[in-house]
Amino acid sequence: MADIHVEEFYKDVAVALVQLYGVFPRRVNLFVEDIAGPDEPDEFGLHSKRHMACFGALLWLEEEGLLRYVDTIRQEALDQAVLTRTAFIRLSAPAPQALADAAGVQVAETDNLPRSVQRDLSTHIHLIRQALKSGNSARISQVVQATFFADSSYH
């Protein structure tokens, strides 16, 4: 069983990347509360560990070359965030059928759909969206890890 903070990390990464992909190439403010949920700072103005873990995940994505941003807005958001070329290409790339099968993501019968729709339904971003929609932490972790972080037989 994975540590809960690692599962939350994968979910935060997935949500952030889906948000940025949905507006690409436009730059947007990426708010921690939109990803990790509401947070009420304590009497000293300090955020919860959950909020800070999500903020840390966003900073880490930039350090690893998956997103860029202009500045931080305190510890609330990334100002003018956008996917990097590397992340956009990876998310747009077709995912191996073995990954979709292993993650339990069912791609609906696509033979009678236009070719462009078939391509969209076979991408990594589609698998990530489906994993998020399922709400299954293990599935989200598996898809994000295989898409970006793991040397895997799925590639």
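Below, each value reflects all heavy atoms present in this structure, side chains not excepted, and no hydrogens, waters or symmetry copies.
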Are the side chain of D3 and the backbone N or O of V6 linked by a donor-acceptor pair below 3.5 Å?
no
Going by heavy atoms in the side chains, are T72 and D79 under 4.5 Å from each other?
no
Could you walk me through whether D34 and Q19 pass the side chain to side chain contact (heavy atoms under 4.5 Å, CB included) check?
CA-CA 10 Å; D34 292 344; Q19 283 184 14; 4.0 Å; yes
If you apply the rule salt bridge (Lys or Arg N to Asp or Glu O under 4.0 Å), what do you find for D39 with K49, and how did you get there?
CA-CA 10 Å; D39 182 61; K49 288 181 181 181; over 6 Å; no
Report the residues that fulfil ring pair (Phe, Tyr, Trp, His ring centres under 6.0 Å) with F9, sequence neighbours left out, ordered by chain and then residue number.
W60
Using every non-hydrogen atom in the two residues, find where A77 and F31 come nearest and quote the distance to one decimal.
CB-CD2, 3.5 Å
Would you compute the distance between atom CD of E33 and atom NE2 of H47 and round it to the nearest 0.5 angstrom?
8.0 Å
Give me the atom names and distance for the closest heavy-atom approach of V143 to A131.
CG2-CB, 4.2 Å
Kindly indicate whether the side chain of L67, heavy atoms from C-beta on, has any atom under 4.5 Å from the side chain of L78.
yes
When you compare the side chains of E76 and H51, does any donor N or O come within less than 3.5 Å of an acceptor on the partner?
no
In Å, rounded to the nearest 0.5 Å, how long is the span from CG of N136 to CD of Q142?
9.0 Å
Sorted by chain and residue number, the ring pair (Phe, Tyr, Trp, His ring centres under 6.0 Å) partners of F24 (sequence neighbours excluded) come out as F88
Grab the two heavy atoms, one from T147 and one from R90, that are nearest each other, plus how far apart they are.
O-NE, 2.8 Å
Do S92 and Y21 pair up side chain to side chain, a donor and an acceptor below 3.5 Å, judged on atom types alone?
yes
Residue pair H124 / P96, side-chain heavy-atom distance below 4.5 Å
yes
So how far is it from L91 CG to L20 CG, rounded to the nearest 0.5 Å?
9.5 Å
Quick one: does D12's side chain get under 4.5 Å of C54's, heavy atoms only?
yes
From CG (L17) to CG (L61), nearest 0.5 Å:
5.5 Å
Rounded to the nearest 0.5 Å, what separates atom OH in Y10 from atom NE2 in H5?
10.0 Å
Is there a side-chain contact between I125 and R129, using heavy atoms and a 4.5 Å cut-off?
yes
Measure the spacing between CZ of R27 and CG of L83 and express it to the nearest 0.5 Å.
11.0 Å
Side chains of E62 and Y69: any donor to acceptor distance under 3.5 Å?
no
